[in-house]
Each structure stands twice: as structure tokens, then as C-alpha cells.
K.L.:
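Quick one: the structure is below, and I'll ask about it shortly.
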Number of protein chains: 2
Amino acid sequence: MSSTERLQRYLADERGGCGDDEVSRRLAELEEIDAAAGGPALDEDVGLLSALANETRYKIIRILHIAGEELCVCEFAPLLDVSDSAISHALSQLTDAGLITRRKDGKWRKYRATARANAVLVALDGSRKL
Amino acid sequence: MSSTERLQRYLADERGGCGDDEVSRRLAELEEIDAAAGGPALDEDVGLLSALANETRYKIIRILHIAGEELCVCEFAPLLDVSDSAISHALSQLTDAGLITRRKDGKWRKYRATARANAVLVALDGSRKL
DNA sequence: ACTATGTTTGAACAATCCCTCAATTGAATG
DNA sequence: CATTCAATTGAGGGATTGTTCAAACATAGT
């Protein structure tokens with residue numbers, strides 16, 4: 001129980017409760033929050049955020065989001081200052097994360113941002129300060 | 001102009017335009033998209049996403065989001081299986097990214113998720129498939 | 001002042017990431 | 001079938017990250 005000793009002192013200090021029932025009640029609340037926070041969505045969300053947390057990949061998503069339609073790799077490659085290989089690696093990661101979908105059209109490959117990708121960008125744009 | 005040769009072939013192949021005006025028009029569109037995608041928001045967004053793209057830091061934000069109120073470090077530390085030092089490093093990065101705010105209360109430190117943090121989590125929750 | 005406790009900071013190191021290069025696949029065309 | 005071009009894949013290595021440990025700082029109580 002060493003991990004809760006500090007919490008017990010905190011509850012005694014800052015919240016009225018000095019009794020064991022107050023401590024255990026708050027502990028139960030926190031456990032419940034923890035259970036809700038640690039669901040299966042955690043790994044998927046962290047994977048998605050990791051995929052977006054890179055300038056090259058973020059820029060690809062942003063370009064596809066602004067375009068509002070599917071784009072050929074050859075269309076946005078000139079806008080990124082990395083090799084075609086790096087772009088392909090980036091597209092693979094974005095696909096795995098559920099942020100883009102791929103369509104084959106002859107020898108060209110076209111990519112489109114998913115609704116999930118658009119939702120995250122809209123949230124970022126909508127919460128920007130000033 | 002070697003970077004646009006492939007694009008020229010693509011436009012000739014897939015879109016009717018074989019003329020230079022068609023190519024330059026599409027190029028202008030893509031340049032405009034690029035300019036919009038590469039604004040000053042890029043670095044800030046990537047920084048924010050990088051801060052969230054880690055299990056420890058994501059879980060802290062998720063806990064604060066669910067709690068809906070400020071929490072003392074000592075309250076959520078027991079829910080994370082890393083050292084206090086790691087938690088403090090995580091809180092520092094989250095603060096720098098604008099995802100949490102800090103308040104001193106005696107010897108305790110209390111943290112709260114920002115509106116921006118909540119907006120991103122809501123977008124993630126709202127776009128989850130089934 | 002001294003001590004105890006909560007939190008932060010800096011150094012250090014393993015683990016991971018992100019790029020380039022080289023080779024490969026897949027599709028269209030001569 | 002050979003060639004050409006678009007895109008992908010895998011290996012390799014330098015850069016970055018995420019954690020722990022030890023030490024320091026800050027606040028409250030004795």
C-alpha cells in the first residue's frame with residue numbers, strides 16, 4: 001500500500017476526509033477513472049497520434065485534408081522535401097493508423113484522408129488559440 | 001524541373017490536359033494547398049501531437065479529461081506505472097505543448113486539461129469506428 | 001534551523017524513430 | 001519479352017525519445 005500513502009496524506013490535507021471511508025471512496029473514484037482511461041482505445045489512439053506526430057506525415061494528412069479529394073502520390077510528392085521512399089514509408093504508417101485509404105489506378109496510387117483524420121485536424125484547427 | 005516530370009505525365013495520363021496551361025494550373029493549385037498546409041500551425045500541431053503520442057502522457061491527459069477537474073499529481077500517479085520522475089517529465093512536456101495547466105497549492109501541484117486537449121480527445125472519441 | 005515530504009531537474013543509456021540507399025514489385029507500352 | 005516508370009520494401013545508421021537514478025528545489029511542520 002505504499003503507493004497510496006501520499007494520496008492518504010493529500011486527502012487528509014486538502015479534503016476534509018480523515019477517515020478510511022473517505023480515502024477508499026476517492027480511491028474507488030480514481031480506479032474507475034483509470035479503468036475508463038485504459039480501455040482498448042488507448043493503444044489505437046496512441047498509434048494514430050504517433051502516426052501524425054511527424055512533420056512529413058502530418059503534412060501529407062494536411063494536404064489531403066485541404067485537397068478534399070483523393071490525390072496521386074505524384075501530386076503531393078513535389079510538396080514534400082524527402083525521398084519517394086520516405087514518402088512511401090510515411091503512407092504505409094498512415095494507412096496502418098487508419099488515417100488514409102489507398103486506391104490503385106493503373107500504375108498510379110491515389111490516397112484520401114479518412115473521416116478520422118479529418119476529425120482530428122478539425123479539432124486542432126477549432127481549438128487553436130487566437 | 002525534374003520534380004514535376006512525373007506530375008506532367010500523370011496529368012497527361014489521367015486528366016485530359018496535355019497542354020502546358022493544364023499542367024501549370026494544377027501546379028498552382030497544389031502550390032496553394034502546400035502554402036496552406038505549411039503555415040506556422042504545423043510546428044505547433046506536430047509538437048502537440050508528439051506530446052500526446054506516448055502512453056504515459058496520453059493516459060495523463062485522458063485521466064484529467066475524464067476527471068473533468070484539476071487533480072493533484074499524487075492522485076493520478078498511482079494509476080501510472082512509471083516513476084514520479086517520469087511523470088514529472090511527462091507533465092512538463094504536456095505543459096509546454098499547451099495540453100495542461102499547472103497550479104501550485106501549498107506543497108501540492110494540481111493539473112488540469114486545457115480546452116485544446118479536451119477538443120482532441122473528443123475528436124478521437126467521436127470518430128472511433130463502432 | 002532542521003527535517004520530512006512533494007515535485008522537479010539533469011545526466012545517462014537503451015530503445016525507438018526517420019531518413020537514405022539499393023533492390024524489388026507491379027503495371028503499361030513498345 | 002524487354003523496357004520503362006510508379007511505388008514499395010528492407011537494411012542500415014545517425015538522431016531522437018523515454019525511462020530511471022541521483023541530486024536538488026520548494027514548502028510545511030517541529
Side-chain angles (χ1 to χ4, degrees), chain A residues 2-15 43 46-61 70-78 80-97 100-111, chain B residues 2-15 43 46-61 70-78 80-97 100-111:
Chain A
S2 84
S3 79
T4 62
E5 289 174 359
R6 181 172 44 161
L7 179 56
Q8 289 181 23
R9 282 190 288 268
Y10 170 70
L11 294 176
D13 264 24
E14 298 284 311
R15 293 161 170 257
D43 285 345
V46 172
L48 184 150
L49 294 163
S50 297
L52 269 180
N54 167 262
E55 180 171 336
T56 297
R57 295 191 298 265
Y58 174 89
K59 207 168 172 187
I60 291 172
I61 293 294
E70 65 181 5
L71 290 184
C72 172
V73 176
C74 62
E75 290 185 285
F76 55 84
L80 305 166
D81 45 3
V82 293
S83 68
D84 284 349
S85 177
I87 294 175
S88 190
H89 282 298
L91 291 168
S92 176
Q93 293 177 75
L94 291 170
T95 303
D96 290 345
I100 55 177
T101 57
R102 191 176 77 156
R103 187 173 74 85
K104 298 168 73 171
D105 182 13
K107 64 175 165 180
W108 311 94
R109 300 288 191 284
K110 300 187 175 179
Y111 287 88
Chain B
S2 85
S3 79
T4 62
E5 290 175 359
R6 182 172 45 161
L7 178 57
Q8 289 182 23
R9 283 190 288 269
Y10 170 70
L11 293 176
D13 262 25
E14 298 283 312
R15 294 163 169 254
D43 285 345
V46 172
L48 184 150
L49 293 162
S50 297
L52 267 179
N54 165 263
E55 180 171 337
T56 298
R57 295 191 297 264
Y58 174 89
K59 209 168 171 185
I60 290 172
I61 294 293
E70 65 181 6
L71 290 184
C72 173
V73 176
C74 65
E75 288 184 285
F76 54 83
L80 305 166
D81 44 5
V82 293
S83 67
D84 284 349
S85 176
I87 294 176
S88 188
H89 282 296
L91 291 169
S92 176
Q93 292 177 253
L94 291 170
T95 302
D96 290 346
I100 56 177
T101 57
R102 190 175 78 156
R103 187 173 74 87
K104 298 168 74 171
D105 183 14
K107 64 175 166 182
W108 312 95
R109 298 291 188 283
K110 299 187 176 178
Y111 287 90

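Just the heavy atoms: all of them, side chains too, but no hydrogens, waters or symmetry mates, feed the values below.
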K.L.:
Looking at A:R57 and A:S50, would you say the former's side chain and the latter's main chain have a donor-acceptor pair under 3.5 Å?
P.N.:
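Confirmed, A:R57 side chain pairs with A:S50 backbone.
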
K.L.:
Which atom pairs, donor and acceptor, lie under 3.5 Å between side-chain atoms of residues 70-78 of chain B and protein residues at least two apart or in another chain?
P.N.:
from	atom 1	to	atom 2	distance (Å)
B:E70	OE1	B:R103	NE	3.1
B:E70	OE2	B:R103	NE	3.3
B:E70	OE2	B:R103	NH2	2.6
B:E75	OE1	B:C72	N	3.0
B:E75	OE2	A:R26	NE	2.8
B:E75	OE2	A:R26	NH2	2.8

K.L.:
In whole angstrom, give the distance that lies between atom NZ of A:K110 and atom P of C:dA27.
P.N.:
16 Å

K.L.:
What is the distance, to the nearest angstrom, from the CD atom on A:E14 to the P atom on C:dT5?
P.N.:
17 Å

K.L.:
Just to confirm, is there a sub-4.0 Å distance from OP1 or OP2 of C:dT5 to any side-chain nitrogen or oxygen of A:R6?
P.N.:
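The answer is no; no side-chain N or O of A:R6 sits under 4.0 Å from OP1 or OP2.
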
K.L.:
Does A:L91 offer a backbone N or O that forms a donor-acceptor pair with the side chain of A:T95 under 3.5 Å?
P.N.:
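Indeed, once roles are kept as given, a pair shorter than 3.5 Å links the two residues.
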
K.L.:
Check ring-ring contact (aromatic ring centres under 6.0 Å, His included) between B:Y10 and all other residues, then give those that pass, not counting sequence neighbours.
P.N.:
A:W108

K.L.:
Can you check whether B:Y10 has a side-chain N or O nearer than 4.0 Å to OP1 or OP2 of C:dA28?
P.N.:
no

K.L.:
Specify the separation, in whole Å, of atom CD of B:E75 and atom C1' of C:dT7.
P.N.:
15 Å

K.L.:
Excluding sequence neighbours, so at least two apart, what forms salt bridge (charged side-chain N to carboxylate O under 4.0 Å, His left out) with A:D43?
P.N.:
none

K.L.:
For nucleotides 25-30 of chain D, give me one character per nucleotide, 5' to 3': B if any protein heavy atom sits under 4.0 Å from the base, S if the only such contacts are to the sugar-phosphate, - if neither.
P.N.:
--SS--

K.L.:
Verify side-chain contact (heavy atoms from CB on, under 4.5 Å) between A:I87 and A:D84, making sure each step is shown before the conclusion.
P.N.:
CA-CA 5 Å; A:I87 294 175; A:D84 284 349; 4.3 Å; yes

K.L.:
Would you say B:T4's side chain and B:L7's backbone share a donor-acceptor pair under 3.5 angstrom?
P.N.:
no

K.L.:
Separation of B:L80 atom CG from D:dG18 atom P, in whole Å?
P.N.:
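From B:L80 CG to D:dG18 P: 15 Å.
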
K.L.:
Just the rounded figure in Å: distance from C1' of C:dG6 to CD of A:E5.
P.N.:
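The answer, rounded to whole Å, is 14 Å.
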
K.L.:
Side chain of B:R102 only, please: which of C:dT8, D:dT8, C:dT5 is the nearest?
P.N.:
C:dT8

K.L.:
What are the two closest non-hydrogen atoms of A:L94 and A:A51, and how far apart are they?
P.N.:
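The answer is CD2-O, 3.9 Å.
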
K.L.:
Nearest whole angstrom, please: distance from the P of C:dT7 to the CZ of B:F76.
P.N.:
8 Å

K.L.:
Could you encode protein contacts along nucleotides 13-21 of chain C as a string, one character per nucleotide from 5' to 3', using B for base contact, S for sugar-phosphate-only contact and - for no contact, with a heavy-atom cut-off of under 4.0 Å?
P.N.:
-----SSBB

K.L.:
Can you measure A:R103 atom CZ to C:dA27 atom C1' for me and round it to whole angstrom units?
P.N.:
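It works out to 15 Å between those atoms.
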
K.L.:
What residues, two or more places apart in sequence or in another chain, satisfy side chain to side chain donor-acceptor pair (under 3.5 Å) together with A:D105?
P.N.:
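Once residues adjacent in sequence are excluded, the partners of A:D105 under the side chain to side chain donor-acceptor pair (under 3.5 Å) criterion are A:K110.
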
K.L.:
Grab the CG-C1' distance between A:L49 and D:dT17 for me, whole Å please.
P.N.:
16 Å

